[in-house]
Amino acid sequence: MTAIAEVQGTPAEHTHCPYCALQCAMTVTEADGGSYVEPVWFPTNRGGLCRKGWTSAQLLDHPGRLETPLLRVGGEGRLEPCSWDTALDHVAAGIRRAQATGGPDGVAVFGGGGLTNEKAYQLGKFTRLALGSRLIDYNGRWCMSSAAAAANRSFGVDRGLPFPVSDLSSARAVLLIGANPADTMPPFLQHLATAADAGGLVVADPRLTATARRALDGGGVHLRLRPGTDAALLLGLLHLVVVAGRLDTTYIAARTTGFDEAWGHAAAWLPERTERVTGVSVAQLERAVALLADARDADAGAYVLTARGAEQHADGSDVVGAAIALALALGLPGRPRAGYGTLTGQGNGQGGREHGQKADQLPGYRSIADPAARAHVASVWGVEPEELPGAGVSAFELLDSLGREGGPSAMLLHASNPVVSAPDSGRVRERLGALDMLVVSDFVLSETAALADVVLPVPQWAEEEGTLTSLEGRLLRRRRSVTPPDGARDELWIWRELARRLDRGPERFPVDPRVVFDELARASAGGKADYSAISWDRLDAGEALHWPCGADSPDGTPRLFTERFATEDGRARFAVAAVRPPAEAPDAAFPLYGTTGRVLSHYQSGAQTRRVPELVAAEPRAWVQVHPVVAAGAGLDDGDAARVVSRRGAVEVAVRLDEDMRTDTVFLPFHFGGTGRANIMTLPELDPVSRMPEFKVCAVRIEAL
Ligand SMILES: Nc1nc2c(c(=O)[nH]1)N[C@H]1C(S)=C(S)[C@@H](COP(=O)(O)OP(=O)(O)OC[C@H]3O[C@@H](n4cnc5c(=O)[nH]c(N)nc54)[C@H](O)[C@@H]3O)O[C@H]1N2
Ligand SMILES: Nc1nc2c(c(=O)[nH]1)N[C@H]1C(S)=C(S)[C@@H](COP(=O)(O)OP(=O)(O)OC[C@H]3O[C@@H](n4cnc5c(=O)[nH]c(N)nc54)[C@H](O)[C@@H]3O)O[C@H]1N2
Ligand code: SF4
Ligand SMILES: [Mo]
C-alpha cells in the first residue's frame with residue numbers, strides 16, 4: 001500500500017475502485033493500448049489502495065472479456081455469439097413462456113451489491129413493473145442482512161457506519177468482531193492505527209489473522225473464540241460490564257429501552273461459563289471490557305464493529321443484537337467519538353440494500369408491505385399501488401425454488417456468481433440447471449454465466465457513470481474514464497429494450513443514469529434512506545453527502561443518532577435473545593468446525609480476480625488452513641492435496657499448515673471455482689429474521705485426497 005499526500009485530480013475527475021465498500025478513490029487512464037490506475041487521496045483510503053485496487057484495470061483489457069451476447073444453441077449445446085436483437089428476442093420469448101405457465105412469478109430476478117444505485121433501483125422497478133414479479137432478491141442477503149436486521153430493530157435504521165470512517169482514526173479502543181480488514185480492506189487499517197498503537201485494538205476471530213496480529217503487536221487483545229460462539233462471547237462481555245460497574249446507567253435511562261430484559265439473558269453468562277463455551281479466558285474478557293470502558297471514560301474514542309465473521313450465522317441477527325447491546329450498555333451509540341457499526345462489504349453494499357433489490361423492499365429503504373410506502377412509490381412510478389406485487393423470498397430460498405413445481409422457470413441474474421458464492425452451492429448449481437431459461441449479465445464468463453442460456457455482456461466500472469453509497473453512507477460518483485467495448489451494453493439499456501419487447505412501457509425505463517438517479521431521489525423522499533436533496537451536480541462539485549439528505553437535512557447527515565435514534569420513541573432498543581448453538585455441531589463423523597472467509601488477493605467468487613495474473617500468482621488455488629496436529633492426524637503435510645468433507649459434499653484443497661490455528665477448526669477461502677468451491681460444504685441453514693445463511697460454521701472432516 002502506498003500513501004500519497006497530494007490530491008491527484010479534482011473530485012470531478014476521479015472514480016472509485018470496483019471492489020469493496022471502502023471505495024478507495026482512483027483515476028483510470030488509458031495509455032499505450034492499456035489502462036492503469038492511480039490512487040487518489042480520499043478520506044476513506046487516504047491515498048492507499050490494496051493490491052486488488054492496484055490491479056483492477058487489468059480486467060478492462062482482459063482477453064477473456066465478453067464482447068458479444070452469447071446464446072446456447074440446441075438445449076445442451078454450446079454458447080455461441082449472436083446479435084443483441086437475437087439475444088433480447090430470445091430473452092423476451094423465454095419470459096413470456098415462463099409467465100404463460102407460471103404467471104408473473106414464473107420469472108425471478110437476482111441482483112448484486114456491486115450494481116450502482118441507479119441500476120439497483122431500476123432492477124427493482126423493472127422486476128415489479130415490467131415483469132410484475134415479486135421474486136427479486138440479491139447477494140447482499142448473504143452479506144449485510146443480519147447487521148441490517150439488527151440495526152433496524154435496535155436503532156430503527158440501517159446505515160453500516162452511522163459516522164464517518166475517519167471518526168475511527170482517533171479512537172483509543174476498537175472491538176472488531178469477526179472482521180479481518182487487514183486482508184479485506186487494507187487501507188482501512190490506517191483508521192485503526194491509534195487504537196492499535198495504544199494497545200486498544202481487540203479482535204474476536206477464531207484465527208490469528210493479520211488483523212489480530214496487528215492488535216497483538218500493539219499490545220491489544222485477540223479473543224480467539226470457538227466458531228459460532230459470538231452471541232455467548234458478547235453476552236459474557238455485557239455481563240462483565242455490569243458486574244465490573246462499567247454500565248452507563250445515565251445513558252441507558254435517557255436513551256434506551258429494554259435493558260432489564262437484556263440483562264435477563266446476560267445474567268446467566270458468568271465469566272467462567274463464557275470461557276467454557278467460547279474458549280476465551282476470563283482475563284481476556286475482562287481486559288476487553290476495561291479497554292472499551294476506560295477509553296469511553298477518558299472520552300478518547302471507543303467503538304464496537306462487526307463484520308461477516310459475526311454476522312454470517314443462522315443466529316447472525318441475534319449476534320449483532322448482542323453486539324449492539326454491549327455498545328448500548330457502555331453508552332457508545334450516538335455519543336461523540338463512540339459508536340457501533342458494521343463494515344459493509346461490497347462496493348455498493350450500502351446503496352444496493354436501500355433501493356428495492358431486496359425481496360421486501362421499495363426505494364428509500366421502504367417496506368413493500370407498508371401501504372403508505374406503496375402509495376408513494378406507485379405515484380412516482382405512475383401506477384396504482386395495487387399494481388405493485390408483494391414481498392418475495394430471500395436469496396437462498398429463491399434459488400432453491402428454481403425449476404421446482406410451482407417455482408420460477410426463468411431467471412435474470414445481474415452481478416452475482418452463486419455457483420461459487422451460494423451456500424450448499426452443489427444444490428444451487430442443480431437448481432440453476434433445472435431452469436427453462438437462465439439469463440446472466442456479466443463482463444466475464446463466470447461459473448454461473450457458463451451455465452446460462454443467454455449471456456449479456458455489460459460494461460465495467462471504469463466504463464460507466466453512476467453513483468454508489470459507501471460503508472459510511474456517503475454518496476460517491478462512479479465516472480466513465482475509458483470507453484467500453486463496442487459489443488457491451490449498459491444494463492439500463494437492456495431493461496428498456498426488454499420492456500419494449502414485453503410491451504410494458506419502455507418509456508418508464510430511462511437509459512440515462514442521471515435521469516434514473518433523479519427519479520430514485522424522488523422515490524426515496526421521506527424514506528429512511530432519503531436521497532432527495534442529492535444530485536449528481538452536487539456530488540460533482542465535490543460535496544460530501546451522507547444520507548439522509550432530504551428536506552429536513554439538505555446538507556446530509558454524517559453522524560446519525562446524535563440527538564435521537566430512528567425508532568418511534570427515539571430510543572435505542574436492547575434486543576437480546578437466548579443464545580443458540582450453531583445448526584451443525586461437530587460429531588464423531590465430522591469432528592471439526594469448518595469456517596470460510598476471504599484472502600487479500602481475491603474478491604468474492606473470484607470471477608474477477610481469478611482473471612488477473614498478479615493475483616492468481618499470489619493465490620493460485622483453493623486451500624485449507626489447518627493446525628499441524630490435525631493435519632498429521634489425517635496423514636497430511638503442508639502442500640498435500642486434501643478433501644474437506646461435510647454432509648453436503650467434498651471440497652478439494654491444498655493443505656496450508658498453521659501453528660496458530662485452533663485444533664477444532666479449519667478455514668477455507670470461498671473464492672475458488674470447480675471442486676475447490678468452499679460452498680460445496682456449507683449448509684443453507686438460515687437466520688429466522690434476516691435469512692442469512694450459516695456460512696461461517698459447519699461440521700467437517702479432513703482426509704487425504
Ligand atoms: N480481499 C477481499 N476483500 C474483500 C472481499 C473479498 O472477497 N476479498 N469482499 C468484500 C465483502 S463483500 C465483504 S462482506 C467483506 C468481508 O470482510 P470480513 O468480514 O473482514 O471477511 P471474512 O473473511 O468473510 O470474515 C472475517 C473473519 O471472520 C472470521 N470468522 C470465521 N468464523 C467466525 C466466527 O464464528 N466468529 C467470529 N467472530 N469470526 C469468525 C474469519 O476467520 C475471518 O478472519 O470484505 C470485503 N472485502
Ligand atoms: N462460504 C462463504 N460464502 C460466501 C461468503 C463467505 O464469507 N463464505 N460471503 C458472502 C458474501 S458477503 C457475498 S457479498 C457474496 C458475494 O458473492 P457473489 O455474489 O458471487 O459476488 P461476486 O464474485 O462479486 O460476483 C459478482 C459477479 O458480477 C460481475 N459484475 C460485477 N459488476 C457487475 C455489474 O455492474 N453488472 C453485472 N451484470 N455484473 C457485474 C462480476 O464479474 C462477477 O461475476 O458471497 C457470499 N458467499
Ligand atoms: S480496499 Fe477495497 S476499495 Fe480499496 S483498493 Fe482494495 S478492494 Fe479496492
Ligand atoms: Mo459481502
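Indexing begins at 1, ligand by ligand and atom by atom, following the structure's order.
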Checklist entry - Nearest protein heavy-atom contact for atom 22 (P) of ligand 2: which residue, which atom, what distance? => result Gln604 CB, 3.5 Å
Checklist entry - What protein heavy atom sits nearest atom 1 (N) of ligand 2, and how far off is it? => result Asn679 OD1, 2.8 Å
Checklist entry - In ligand 3, which numbered atoms sit nearer than 4.0 Å to a non-hydrogen atom of Pro187? => result 1 (S)
Item to check | Proximal candidate to atom 5 (S) of ligand 3 [heavy atom criterion; set Pro181, Cys50, Gly48] | outcome: Cys50
Item to check | Residue part near ligand 1, for Asp183, under 4.0 Å between non-hydrogen atoms | outcome: backbone
Checklist entry - Would you call Met144 a ligand 1 contact, heavy-atom distance under 4.0 Å? => result no
Checklist entry - Counting heavy atoms only, which part of Leu600 comes closer than 4.0 Å to ligand 1: side chain, backbone, both or neither? => result backbone
Checklist entry - Which atoms of ligand 3 are found less than 4.0 Å from any heavy atom of Cys17? => result 3 (S), 5 (S), 7 (S), 8 (Fe)
Checklist entry - For ligand 2, is there an N or O atom under 3.5 Å from any N or O atom of Asp442? => result yes
Item to check | Any N or O of Trp142 closer than 3.5 Å to N or O of ligand 2 | outcome: no
Checklist entry - Does any N or O atom in Tyr603 lie less than 3.5 angstrom from one in ligand 2, N or O only? => result no
Next on the checklist: Does only the side chain of Ala415 get under 4.0 Å from ligand 2, or the backbone, or both, or neither? Count heavy atoms.
Outcome noted: both
Next on the checklist: Which of the numbered atoms in ligand 2 are under 4.0 angstrom from any heavy atom belonging to Val444?
Outcome noted: 42 (O)
Checklist outcome for this item: re atom 4 (Fe) of ligand 3, the protein heavy-atom contact at minimum distance is Cys24 SG, 2.3 Å
Next on the checklist: So if I count the atoms of ligand 2 from 1 in the order they appear, which ones are less than 4.0 Å from some heavy atom of Asn139?
Outcome noted: 18 (P), 19 (O), 21 (O)
Checklist entry - Polar-atom distance check: Gln312 versus ligand 2, any N or O pair below 3.5 Å? => result yes
Next on the checklist: Return the closest protein heavy atom for atom 37 (C) of ligand 2 as residue, atom name and distance.
Outcome noted: Glu491 OE2, 3.3 Å
Checklist entry - Side chain or backbone of Ala21 under 4.0 Å from ligand 3, or both, or neither, by non-hydrogen atoms? => result neither
Checklist entry - Does any N or O atom in Gly309 lie less than 3.5 angstrom from one in ligand 1, N or O only? => result yes
Checklist entry - Which atoms of ligand 2 are found less than 4.0 Å from any heavy atom of Asn417? => result 18 (P), 19 (O), 20 (O), 25 (O)
Next on the checklist: Tell me the contacting part of Val599 for ligand 1: side chain, backbone, both, or neither, using a 4.0 Å heavy-atom threshold, strictly below.
Outcome noted: backbone
Next on the checklist: Considering both backbone and side-chain atoms of Thr596, is one of its nitrogen or oxygen atoms within less than 3.5 Å of a nitrogen or oxygen in ligand 2?
Outcome noted: yes
Item to check | Nearest neighbour in protein (non-hydrogen) for atom 38 (N) of ligand 1 | outcome: Asp230 OD2, 2.6 Å
Checklist outcome for this item: For atom 23 (O) of ligand 2, the closest protein heavy atom turns out to be Ser605 OG, 2.5 Å
Next on the checklist: With the threshold set at under 4.0 angstrom, would you say Lys52 reaches ligand 1 through any of its heavy atoms?
Outcome noted: yes
Next on the checklist: At under 4.0 Å between heavy atoms, is it the side chain or the backbone of Met185 that contacts ligand 1, or both, or neither?
Outcome noted: neither
Checklist entry - Is the closest heavy-atom distance from Thr609 to ligand 1 below 4.0 Å? => result no
Checklist outcome for this item: Taking only non-hydrogen atoms of Gly53 and a 4.0 Å limit, the atoms of ligand 3 in range are 5 (S)
Checklist entry - Heavy-atom contact under 4.0 Å between His313 and ligand 1? => result yes
Checklist entry - Would you say ligand 2 has an N or O under 3.5 Å from any N or O of Arg308? => result no
Item to check | Shortest protein contact, atom 2 (C) of ligand 2 (heavy atom only) | outcome: Phe695 CD2, 3.3 Å
Checklist entry - For atom 40 (C) of ligand 1, what's the nearest protein heavy atom and its distance? => result Pro206 CD, 3.3 Å
Next on the checklist: Return the closest protein heavy atom for atom 12 (S) of ligand 2 as residue, atom name and distance.
Outcome noted: Arg598 NH2, 3.0 Å
Checklist entry - Using a heavy-atom cut-off of under 4.0 Å, does the side chain or the backbone of His16 touch ligand 3, or both, or neither? => result neither
Checklist entry - Heavy-atom contacts under 4.0 Å between Thr184 and ligand 1: side chain, backbone, both, or neither? => result both
Next on the checklist: Pairs of nitrogen or oxygen atoms closer than 3.5 Å, one from Lys119 and one from ligand 2: do any exist?
Outcome noted: yes
Checklist outcome for this item: heavy-atom search around atom 2 (Fe) of ligand 3 in the protein gives Cys20 SG, 2.3 Å
Item to check | Numbered atoms of ligand 2 (with element) below 4.0 Å of Ser441, judged on heavy atoms | outcome: 37 (C), 38 (N), 39 (N)
Checklist entry - Which atoms form the tightest heavy-atom contact between Ala395 and Tyr138, and what is the distance? => result CB-O, 3.7 Å
Next on the checklist: Starting from atom 26 (C) of ligand 1, what is the nearest protein heavy atom, named by residue and atom, and what distance separates them?
Outcome noted: Gly178 O, 3.4 Å
Checklist entry - Considering distance alone, does some N or O of Thr682 sit under 3.5 Å from an N or O of ligand 2? => result no
Next on the checklist: Please list the nearest protein heavy atom to atom 46 (C) of ligand 2 with its residue and the distance rounded to 0.1 Å.
Outcome noted: Ser421 O, 3.6 Å
Checklist entry - What protein heavy atom is closest to atom 33 (C) of ligand 2, reported as residue, atom name and distance in Å? => result Phe443 CE2, 3.6 Å
